[in-house]
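Notes follow the structure.
Quick caveat: nothing in here was measured; it's all calculated off a predicted structure.
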Amino acid sequence: QVQPVESGGGSVQTGGTLRLSCAVSGYTYNLYCMAWFRQAPGKEREGVAAIDGDGGNTYYADSVKGRFTISRDNGKKTLDLQMNLLKPNDTAMYYCAAAFGRMCGGKLSIQQEFGYWGQGTQVTVSS
């Protein structure tokens with residue numbers, strides 16, 4: 001059973017930092033594109049960042065480029081999202097997700113590609 005489990009959410013003020021982590025078990029981790037998605041109240045879920053199975057390529061939504069960094073440790077089967085310069089509109093539930101296939105390509109914009117999802121961790125940024 002593939003099951004991502006997120007941690008690290010919380011509440012910060014504008015300009016603050018948070019680091020989200022995702023621990024994954026149950027499969028050959030490096031065969032999967034991994035990504036972070038988020039969903040704010042009343043809005044559709046959107047892709048935030050993705051990383052290829054070998055960590056060689058990363059992909060970001062325009063809204064977080066230069067502020068967020070995605071990384072993975074294939075030995076530990078973990079996925080991280082370092083979030084800097086947080087803004088109130090970053091407030092959302094953040095989800096870790098896995099898609100079979102090492103290369104992410106354009107998968108960040110195709111949620112249906114991701115078959116495994118965590119329960120989410122809440123990030124709240126106050127002004």
### Query
Would K87 and D90 pass as an ion pair if we require N to O under 4.0 Å?
no
### Side-chain heavy atoms of Y94 within contact of L81, under 4.5 Å
yes
#### Entry: Donor-acceptor under 3.5 Å (D52 side chain, M103 main chain)
no
### Task
Check whether any side-chain heavy atom of R45 lies under 4.5 Å from a side-chain heavy atom of Q111, and answer yes or no.
yes
### Query
Same cluster or not: are I70 and Y59 linked, directly or through other Ile, Leu, Val, Met, Phe, Trp or Tyr residues, by side-chain heavy atoms under 4.5 angstrom apart?
no
### Query
Cut-off 3.5 Å, side chains only: do D80 and S21 have a donor facing an acceptor?
yes
### Query
Is the backbone of G53 close enough, under 3.5 Å, to the side chain of Y32 for a donor and an acceptor to pair up by distance?
no
### Message
Apply side-chain contact (heavy atoms from CB on, under 4.5 Å) to residues T91 and Q122 and explain how you reach the verdict.
### Response
CA-CA 8 Å; T91 295; Q122 179 68 38; 4.0 Å; yes
### Message
Within the structure provided, determine whether D54 and N30 are in side-chain contact (heavy-atom separation under 4.5 Å).
### Response
no
### Task
Treat each ILVMFWY residue as a node, draw an edge where side-chain heavy atoms are under 4.5 Å apart, and state whether L20 and L108 are in one component.
no
### Message
Testing the basics here: between Y29 and T78, what is the closest heavy-atom pair and its distance to 0.1 Å?
### Response
OH-O, 2.9 Å
#### Entry: I51 and L79, any side-chain heavy atoms less than 4.5 Å apart
yes
### Query
If you group Ile, Leu, Val, Met, Phe, Trp and Tyr by side-chain heavy-atom gaps below 4.5 Å, do W36 and V123 land in one group?
yes
### Task
With rounding to the nearest 0.5 Å, note down the distance linking CE in M34 to CG in N74.
10.0 Å
### Among Y95, Y116, W117, the one residue meeting ring pair (Phe, Tyr, Trp, His ring centres under 6.0 Å) with F37
W117
### Query
Between T17 and N84, is there a donor-acceptor pair closer than 3.5 Å when you use the side chain of the first and the backbone of the second?
no
### Message
Looking at C96, is its backbone amide N or carbonyl O close enough to the side chain of E6 to form a donor-acceptor pair, meaning the two atoms are under 3.5 Å apart?
### Response
yes
### Query
Within the side chain of Q39, is there an N or O that forms a donor-acceptor pair under 3.5 Å with the backbone of E44?
no
### Query
Any side-chain heavy-atom pair from K107 and F114 closer than 4.5 angstrom?
yes
### Note, R38 side chain near E46 side chain (heavy atom, < 4.5 Å)
yes
